[in-house]
Engineer: 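Mind looking over this structure? Questions follow.
Keep in mind the model is a prediction, meaning the values are calculated, not measured. For ligands, and for the atoms within them, numbers begin at 1 and follow the listed sequence. Below, all heavy atoms of this structure are taken into account, side chains as well, without hydrogens, waters or symmetry copies.
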Amino acid sequence: MEENKKRKISVEGDLEFTGLKVTKPADTAAGFTGVKVAMEHGMKEMGIVKAFSTLLHMNQKDGFDCPGCAWPDPEEPSKVAEYCENGAKALAEEATNKRVDPDFFKKHSVEELSLWSDYRIGKSGRLTHPMVLRPGEVNYEPISWEGAFDLIADHLRYLSTPDEAVFYTSGRSSNEAAFLYGLFVRAFGTNNMPDCSNMCHESSGAALGETLGIGKGSVKLEDIHEAEVILVMGQNPGTNHPRMLLALEKCKKNGGKVISINPLKEPGLVRFKNPQEIKGLLLDGTPIADIHLPVKINQDVPLMKLILKKLAALDREKGKVFDHDFIKKYVAGYVPLMQDLEKYDETDLLERCGVSETLIDQVVSLLAVKKKIIICWAMGLTQHKNGVENIKECVNLLLLKGSLGKPGAGTCPVRGHSNVQGDRSVGIMHHVSPRLNKAIEAVFGFSPPDKEGLDTVHAIKAMHDKKAKVFIALGGNFLSAASDTRYTAEALQNCDLTVQISTKLNRSHLVTGKTALILPTLGRSEKDLKDGEQRFLTVENSMGKVHRTKGLLPPASDNLKSEPEIVTGIAHAYFGEDHQVPWLEMGYDYELTRGKLGEVVKGFEGLGKRSEGSGYYLPNNVRTLDFSKLPEGKAQLSICGLPEHDLAEDELLMMTIRSHDQFNTTIYGLHDRYRGIYNERRVILMNEEDMRSHQLQKEEVVNLSSTYDGVVRKAEKFIVVPYDIPRGNIASYFPETNVLVPYNHFADKSNTPISKSVKVRIHKIS
Ligand SMILES: Nc1nc2c(c(=O)[nH]1)N[C@H]1C(S)=C(S)[C@@H](COP(=O)(O)OP(=O)(O)OC[C@H]3O[C@@H](n4cnc5c(=O)[nH]c(N)nc54)[C@H](O)[C@@H]3O)O[C@H]1N2
Ligand SMILES: Nc1nc2c(c(=O)[nH]1)N[C@H]1C(S)=C(S)[C@@H](COP(=O)(O)OP(=O)(O)OC[C@H]3O[C@@H](n4cnc5c(=O)[nH]c(N)nc54)[C@H](O)[C@@H]3O)O[C@H]1N2
Ligand SMILES: [Mo]
């Protein structure tokens with residue numbers, strides 16, 4: 001247990017085992033069990049009537065956007081609810097009937113709550129009142145909204161520079177709330193806007209921006225249906241984007257091929273039973289991945305290089321493998337890339353990636369003759385030291401094949417949070433955008449700061465060094481999501497004030513600054529009423545489409561405010577009545593905010609009207625093959641090096657992944673059904689031969705450590721589970737193993753923590 005000076009707070013909570021049961025991994029995703037589990041979660045949290053009626057409105061055009069992932073809705077309105085098992089769980093968490101009210105906080109001190117597991121904390125229910133934890137106290141007490149806003153404004157006022165404050169955003173906020181938040185932070189005078197994207201798809205943004213001129217993907221949902229080949233790399237859609245399986249199923253029915261590249265043979269990619277079709281529930285389901293390449297952790301670059309080398313050889317031999325017309329017209333860097341590929345030895349590349357050459361040759365033969373290729377990817381590519389280069393290597397393949405700017409082809413970074421992409425589009429960003437600053441100045445009459453702000457990893461360091469003293473979070477669970485949990489805890493505890501704008505209780509409400517505030521907010525699924533009128537908000541999905549979201553449930557408490565109201569409440573308390581930005585009106589009148597957003601950010605003009613129905617696509621230069629903003633006016637091929645880990649003999653490379661029963665730090669349940677792991681999260685998945693060489697028995701309890709720059713970090717009590725995973729690799733669940741991820745090791749250029757390639761040692765407990 002970690003302690004701070006005044007409060008005895010446990011950073012990790014309850015480490016007790018919950019009763020592991022292991023079965024064979026599933027060979028099919030979704031189907032009846034998926035529907036059953038979804039309904040069970042719904043009924044447990046909401047009751048039967050509420051569960052049924054709410055699920056029917058999710059992802060419908062007049063309904064609300066699923067609070068789960070960012071996968072887009074189909075163009076054709078679905079007759080039944082477009083939901084999935086894990087979307088239903090996300091909804092059940094938000095729409096739960098349980099409440100964390102002032103009595104709850106009177107009964108349970110933060111010291112006591114911190115001893116609970118994350119699972120138990122999350123299951124406590126919805127936050128109902130603004131609460132304050134005063135210096136030295138261990139119980140939160142109620143505070144009025146005005147009192148809370150004034151307290152924040154007072155703390156912000158006494159800082160010696162605005163750069164002493166940090167404003168975090170998680171990706172569930174609406175475009176309107178995020179725009180107002182970014183505007184306030186800039187008016188206050190800093191660009192310290194770390195966001196969850198820094199830990200997530202920042203590597204994708206950096207790589208795509210440099211190579212294609214836009215930090216977003218290029219494909220639309222229909223492209224997935226039309227593709228000839230889809231590579232799914234470093235992504236587990238069966239769990240994290242289940243509705244993507246519907247799209248992959250369509251692609252397969254149209255004759256497309258799916259290739260999965262992943263150290264694990266994730267069941268969702270093996271076979272899928274469509275839960276929205278009766279025959280899907282009854283029959284065997286559709287096989288999804290035609291070829292599975294079990295790449296070793298972080299060896300995607302060697303694998304892609306080998307594939308490119310083989311394709312280049314075929315192209316020289318037979319021609320027409322690469323799209324030379326496309327390359328001539330749109331692409332820069334062809335000759336240097338071909339020369340660089342010459343340098344690599346095929347046997348060495350093969351050994352590094354650990355995949356059989358026969359399988360690779362199958363993939364090469366397929367890619368050689370196909371033109372409509374899509375690459376989908378997620379955290380398995382982004383959260384490594386070379387995360388940016390992983391993605392650049394994917395772009396190389398697409399550019400050489402001319403697989404961009406045409407139907408059925410392109411880039412598809414599959415986003416995480418349901419509006420993480422929109423938040424970025426409307427200005428949540430620690431980088432300085434001169435264009436955005438100029439537009440804000442023209443519309444609002446103040447000039448935003450032009451000094452680069454802090455991203456997540458640098459914000460943690462600044463708080464740890466006491467250079468930042470106030471931390472405000474618009475959603476999320478910064479403590480548990482960020483790397484190096486104990487270091488991050490010290491960083492937050494060093495702050496004078498930490499503020500969490502949240503729907504549900506989490507560990508970031510317990511590991512706090514000297515003073516802490518909880519500001520409870522409306523969730524996606526809830527009615528946002530003003531003077532009897534229901535307001536709507538807008539979001540952007542993973543494919544750049546902006547649309548409305550409008551809740552239908554009564555709010556969890558009468559004391560909740562919407563996110564735009566909270567953000568503008570803080571701004572108003574800080575700036576007072578006479579500021580040039582009409583804060584309170586903008587927090588009240590979302591249409592006014594949308595109008596201003598449209599004046600400031602290109603693509604958001606006429607947002608209120610255009611977001612009607614199924615919404616509209618934001619501009620995307622890759623779709624029109626306009627690379628005019630890039631050097632030579634062309635898309636850029638990249639030369640990437642090979643990843644090196646310098647593992648000591650007894651070190652293994654660990655990836656920290658999601659189970660089937662969690663949404664990031666929110667633990668829905670204790671099962672990872674598809675992987676056959678039940679009722680326990682403190683496990684490591686390990687190759688049986690590695691177990692033998694480490695003299696480990698099945699289900700033996702071990703400790704873990706990681707060593708970086710001479711600093712040893714420890715994580716205690718994990719159960720070893722034999723699993724089909726490449727040798728030298730292990731997998732564990734996040735956030736339990738975040739204590740091992742060093743805060744100061746992150747991806748080049750994107751600064752994303754290396755959560756998928758942590759060097760660890762396993763220690764026997766004798
Ligand atoms: N139900 C549910 N849905 C979610 C979330 C959730 O927690 N729960 N989280 C949301 C968020 S914020 C995000 S970002 C996404 C995350 O979606 P994913 O990226 O699918 O999530 P992870 O569990 O981190 O899975 C990473 C996958 O990459 C593989 N992998 C790990 N390392 C490597 C590697 O080096 N190379 C390759 N090729 N593969 C590798 C792992 O085996 C695993 O299958 O999902 C979103 N949707
Ligand atoms: N080791 C390791 N670490 C990781 C990752 C990993 O794969 N491995 N993944 C990283 C990734 S991809 C991400 S995106 C981050 C996630 O980082 P975060 O986004 O910070 O974390 P979440 O767990 O999604 O946040 C959950 C909390 O958000 C609040 N919340 C939910 N809905 C709303 C809402 O509508 N409004 C508001 N205001 N609050 C709401 C609730 O209080 C809930 O407890 O974690 C990262 N950390
Ligand atoms: Mo994410």
Engineer: Which is it for N240 and ligand 1 at heavy atoms under 4.0 Å: side chain, backbone, both or neither?
Structural biologist: both

Engineer: Taking 4.0 Å as the limit for heavy-atom contacts, which would you say applies to E563 with ligand 2: side chain only, backbone only, both, or neither?
Structural biologist: side chain

Engineer: What are the atoms of ligand 1, with element, lying closer than 4.0 Å to any heavy atom of G234?
Structural biologist: 19 (O), 26 (C), 27 (C), 28 (O), 29 (C), 37 (C), 38 (N), 39 (N), 40 (C)

Engineer: If you measure from each heavy atom of H201 to ligand 1, is any distance below 4.0 Å?
Structural biologist: no

Engineer: Parallel, tilted or perpendicular: which describes the rings of F478 and F471, with under 30° parallel and over 60° perpendicular?
Structural biologist: tilted

Engineer: Parallel, tilted or perpendicular: which describes the rings of Y487 and Y743, with under 30° parallel and over 60° perpendicular?
Structural biologist: parallel

Engineer: What atoms in ligand 1 come closer than 4.0 Å to a heavy atom of I297?
Structural biologist: 35 (O)

Engineer: Please indicate whether any nitrogen or oxygen in N477 is less than 3.5 Å from any nitrogen or oxygen in ligand 2.
Structural biologist: yes

Engineer: Parallel, tilted or perpendicular: which describes the rings of Y708 and H745, with under 30° parallel and over 60° perpendicular?
Structural biologist: tilted

Engineer: Where's the contact between T521 and ligand 2, heavy-atom distance under 4.0 Å: side chain, backbone, both or neither?
Structural biologist: side chain

Engineer: Is it the side chain, the backbone, both or neither of M199 that has a heavy atom closer than 4.0 Å to ligand 2?
Structural biologist: both

Engineer: Can you tell which of N236, L248, L264 makes a side-chain contact (heavy atoms from CB on, under 4.5 Å) with L269?
Structural biologist: L248

Engineer: Under 4.0 Å from any heavy atom of I657, which atoms of ligand 1 are there?
Structural biologist: 23 (O), 41 (C)

Engineer: Using a 4.0 Å cutoff against the non-hydrogen atoms of C200, which atoms of ligand 1 qualify?
Structural biologist: 14 (S)

